[in-house]
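These notes concern the structure reproduced below.
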There are 2 protein chains.
Amino acid sequence: MTKSQKVMLTANDWAEAALDAIGRRGVEGVAVEPIARDLGVTKGSFYWHFPNREALLVAALQRWEARETDEVLDRVQQETDPRARVKRLITEVNTSKKASRIYSALSSATKPAFVRDYVERVSKRRLDFIIDSYAALGLSAENARRWALMTFSVFLGSLQIRRDLPDEWPNADEPAFAEYVRFLMVSLMPSELDAANNTPAPDVPEWPARSGSQGF
Amino acid sequence: MTKSQKVMLTANDWAEAALDAIGRRGVEGVAVEPIARDLGVTKGSFYWHFPNREALLVAALQRWEARETDEVLDRVQQETDPRARVKRLITEVNTSKKASRIYSALSSATKPAFVRDYVERVSKRRLDFIIDSYAALGLSAENARRWALMTFSVFLGSLQIRRDLPDEWPNADEPAFAEYVRFLMVSLMPSELDAANNTPAPDVPEWPARSGSQGF
DNA sequence: GCGTGTCAATACGCCAGCGTATGGAAAAGA
DNA sequence: TCTTTTCCATACGCTGGCGTATTGACACGC
């Protein structure tokens, strides 16, 4: 147990610093020497703990996946009432810009192909959790899926709006935020009637098939 | 008008290739020499049309902003009925994965600081357009804003879900997609009663103030 | 005290991408 | 024709980051 004044970094310290770099500079910003500078050491340290840069990315992604599933879902899952779950989910949008930046950076990353696997697993676990929450309200599988897709979209989109248009997003301490959350709760929560009437409306209207070049 | 067999690239060709590179490899992937290889030339060509890499990024962003505002908004704006506008907005989610990838890459980019300005302007213009659409339904300014924020969130979130969880997203040619769009239309469209009753519910419930470390 | 194991610094070669300088080919004017 | 302009190729130096090799400073067991 060497732990003198020299601090002595661990592999987890490097992985955590890599996660931080993902949030601040993107996946491409996970560079050995810059992170070493952040940590106040040289890359001589890094190559003792890891064989190469890719291993660092994997370690960071594993930590991320563990945090974003086990810890967070366990925390939200303590909420027994499905309605309270959705509400907490919404309010969670306003916590930790850092975590949302990491999510966004990973979601748009392309270069190390395995990043997509981690993003897909985490996203699917989140969506499934929301589906289960709606199913617990008595919705059919199809309806629970529809509501969950919409709620998950609102969650993800809210993260992006808060990042791209911070001025347009109500601050958590303002009354406008509380009102907006209440508004979302009403909109994202099926009524008792919906839960009973579990089939979608039968008439499928037509809509114009878009032929434009690039989408909105 | 030199237009022999030698093709002769223009600055716009480079800007368009840069936009493509943003979608495929991210903003960091906008590198002069790789793009030159894509175009079948060398960087000797590039440095005749542009002074440096930053100028290429600016040109690409200007093209992007012009396309994502003038062209697209004009196209959707041809729809006179506000309800039809929102519906078209939703169906536009399923068009052009390339455009959505560019949007996502720019949204998560950090390194050239001016990228954020373009993202902010485009995003704000889109949000304002949606706000106006809801206001045209007779909603108050506050309610139009709430509905628009939710609809914009659904739009952005749907783009991300389609990218991160393509298997979970209904294909445009499947009936599930039509049903989901109809479901969203009902959920994202205020009822006549809401339009008349333009004040939010008066009772503001409390909810647990989250103290967790990183958000969901 | 002395070797051994742990963690980090330094020095090196390598490669990719940026930006410059210069030259060249081909079309356009004159 | 011959000069000028336009567009691109080639060659060069520079920088930043990757990975390796080597050395060094402690801490600990003995």
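So you know, we letter chains A, B, ... as the sequences are listed, proteins then strands, and number each from 1.
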Geometric cation-pi criterion A/Arg121 and A/Tyr118, 6.0 Å radius, 45° cone: yes

Nearest-Å distance for atom pair CH2/P, residues A/Trp14 and C/dA8: 8 Å

Nucleotide D/dC18, atom C1' - distance to NZ of A/Lys111 in whole Å: 12 Å

Sidechain N-carboxylate O distance under 4.0 Å for B/Arg24, B/Asp38: yes

Need to verify one output field. Residue with the more 5' nearest nucleotide on DNA chain D, A/Pro34 or A/Pro51? A/Pro34

Where the side chain of A/Glu33 is defined as all heavy atoms beyond and including C-beta, which of D/dG17, D/dG19, D/dC8 is the nearest nucleotide? D/dG17

Please give me the minimum heavy-atom distance between A/Tyr180 and B/Arg146, naming the atom from each residue. CE1-O, 3.6 Å

Find the distance A/Leu56:CG to D/dG17:P and express it as a whole number of Å. 15 Å

Are any of B/Arg53's side-chain N or O atoms less than 4.0 Å away from OP1 or OP2 of C/dA16? no

It should be established whether A/His49 places a side-chain nitrogen or oxygen under 4.0 Å from OP1 or OP2 of nucleotide C/dT6. no

Quick one: is B/Arg37 getting a side-chain N or O under 4.0 Å of the C/dA16 phosphate, OP1 or OP2? no

Heavy-atom nearest nucleotide on DNA chain D taken for A/Gly44 and for A/Val32; more 5' hit belongs to A/Val32

Salt-bridge test for B/Arg25 and A/Glu28: reply yes if a basic N is under 4.0 Å from a carboxylate O, no otherwise. no

Please figure out whether B/Glu54 or A/Ser45 has its closest DNA chain C nucleotide nearer the 5' end. A/Ser45

Between the side chains of A/Ser100 and A/Arg163, is a donor N or O closer than 3.5 angstrom to an acceptor N or O? no

What is the distance from CH2 of A/Trp48 to C1' of D/dA21, rounded to the nearest Å? 17 Å

Separation of A/Lys43 atom NZ from D/dC18 atom P, in whole Å? 8 Å

Nearest to the side chain of B/Ala31, heavy atoms from C-beta on, is which of D/dC18, C/dG17, C/dC7? C/dG17

Mind calculating the distance between CZ (B/Phe46) and C1' (D/dT6) to the nearest angstrom? 18 Å

When you get a sec, tell me which of D/dA9, C/dC18, C/dA8 is the closest nucleotide to the side chain of A/Leu9? C/dA8

Nearest-angstrom distance from the residue atom CE of B/Met8 to P of C/dA27: 8 Å

For atom CD of B/Glu28 and atom P of D/dG17, their distance in whole Å: 11 Å

